[in-house]
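Reading through the structure tokens given below for one structure.
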2 protein chains.
Amino acid sequence: MVEVLRPIGAIARALDSIANYEFKDLALAKGQYLYLVRIVEQPGITQTELINLLKVDRSTAARALRKLETQGFITRVLDSANEKNKRLFSTNKGKELYTTIRRENDYSNQTALTNFSSQEAQLLATLLARVEDNISADWSYVKKGNKREY
Amino acid sequence: MVEVLRPIGAIARALDSIANYEFKDLALAKGQYLYLVRIVEQPGITQTELINLLKVDRSTAARALRKLETQGFITRVLDSANEKNKRLFSTNKGKELYTTIRRENDYSNQTALTNFSSQEAQLLATLLARVEDNISADWSYVKKGNKREY
DNA sequence: CCCTTTTTGTTGTAAATGCAACATAAAAAT
DNA sequence: ATTTTTATGTTGCATTTACAACAAAAAGGG
């Protein structure tokens, strides 16, 4: 079977490092933009839901989110219906950054898709969604401390 | 234009964290497997060439490679034709890990491509190669300290 | 040939990262 | 109803990560 993981890793690293660099003016540290955009888009999302969306480590996310809260970009409120969950909301200050972040992300996305017809871009998106779906279970499984057998 | 960067990021993070977890038995720290496989496959590759292949930060790579050398997995030799370059070679000890790393990477790749026909997999690989090509210049540009205008 | 710029690699420093171990709430089992 | 297990989130600690600033070699310009 042909190899697809290497380019995926290289593309992700390249664009993440560009994004982090370009967001330093916004007082956003490494990784923070990832969380913030999603919280603006999905107000009230729980920490765990966000973690599963982004596929990041629990403890890393906890600290990044606490920092976003300290900086006044988001609030974290205990879910009264389930005291285990923290629901995340962006502040006005957080929402202000959203446009800037999206503009950068969209530009990178456009650059990535240079010379792609919209059909090709759509096809790529569909294939990637299938890949993401295929690996999700393994990620959860390993993150729970289990060992894959192969 | 449809969004492709988010799934790429999520897939990369998920599989990278799985790999790092599964390589702890091999005494390989976070990220090290990336460098080692490439050095085994391309003996004599320079540090900069490797950095451009993987799209990692220079200083991070320097430290990861020094550690691989200290652990006895690779050697770094000054290129006599160009004293600025360090050429990288794997030791026997390093080569021994290669099979194990590849077995894991191949398994993850297979998992990622579950329910893909070989035509679909091939298509995905082609599209990803184009994306990687599209973003490479921006990555180099920004890493050199330049600012993208958009 | 000399001077300037670029390239390659390292190190200081501050911060993010992630595994373990923990605490607490909720869910499941008996 | 009580006990056990699972889910959610935090913290300690050791490590990786990456921007700056640097050093030295090579390349380019005059």
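Chain letters run A, B, ... following the sequence lines, proteins first, then strands; residues in each count from 1.
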Whether R130(A) engages the ring of F116(B) as a cation-pi pair (distance to the six-membered ring centre under 6.0 angstrom, angle to the ring normal within 45°) should be assessed.
yes
Can you confirm if the NZ or CZ of R148(A) lies within 45° of the ring axis of Y141(A) and under 6.0 Å from the centre of its six-membered ring?
no
Any [X] side-chain nitrogen or oxygen under 4.0 Å from OP1 or OP2 of [N]:
X: S59(A); N: dG18(C); value: no
X: K143(B); N: dA18(D); value: no
X: K86(A); N: dT10(D); value: yes
X: Q47(B); N: dT7(C); value: no

Quickly work out the [X] [atom1] to [N] [atom2] distance and round it to whole Å.
X: I51(A); N: dG18(C); atom1: CD1; atom2: P; answer: 12 Å
X: K67(A); N: dA14(C); atom1: NZ; atom2: P; answer: 14 Å
X: K55(B); N: dT17(D); atom1: NZ; atom2: P; answer: 18 Å
X: D57(A); N: dG12(D); atom1: CG; atom2: P; answer: 16 Å
X: L65(B); N: dT8(C); atom1: CG; atom2: P; answer: 15 Å
X: N146(A); N: dA20(C); atom1: CG; atom2: P; answer: 13 Å
X: L28(B); N: dT15(D); atom1: CG; atom2: C1'; answer: 15 Å
X: L50(B); N: dT10(C); atom1: CG; atom2: C1'; answer: 16 Å

Under 3.5 Å, which N/O atoms of the protein pair with N/O atoms of nucleotides 22-26 of chain D?
unit_1	atom_1	unit_2	atom_2	d
dA26(D)	OP1	E83(B)	N	2.7

For a quick check of understanding: with a heavy-atom distance under 4.0 Å over all strands, which category does [X] fall into, base, sugar-phosphate or nothing?
X: T60(A); value: base
X: R76(A); value: sugar-phosphate
X: A64(A); value: nothing

5'-most by nearest nucleotide on DNA chain D - K24(A) or E49(A)
E49(A)
Sorted by position of nearest nucleotide on DNA chain D, 5' first, the leading residue of A62(A) and Y21(A) is A62(A)
Choosing from dG9(C), dT15(D), dT17(D), which nucleotide comes nearest the side chain of K30(B)?
dT17(D)
Show your working on side chain to side chain contact (heavy atoms under 4.5 Å, CB included) between L65(A) and I74(A) and close with a plain yes or no.
CA-CA 8 Å; L65(A) 292 168; I74(A) 65 165; 3.9 Å; yes
Spell out, as yes or no, whether a donor-acceptor pair under 3.5 Å connects the side chain of [X] to the backbone of [Y].
X: R38(B); Y: L54(B); value: no
X: E104(B); Y: D106(B); value: no
X: K93(B); Y: Q71(B); value: yes

Of V4(B), V2(B), I8(B), which is the lone residue that meets side-chain contact (heavy atoms from CB on, under 4.5 Å) with N109(A)?
V4(B)
Check this for me: does the side-chain of R63(A) come within 3.5 Å of the base of dG18(C) through a donor and an acceptor?
yes
Determine the interplanar angle of the Y33(A) and F23(A) rings, folded into 0 to 90°, and report it as parallel if under 30°, tilted if 30 to 60°, perpendicular if over 60°.
tilted
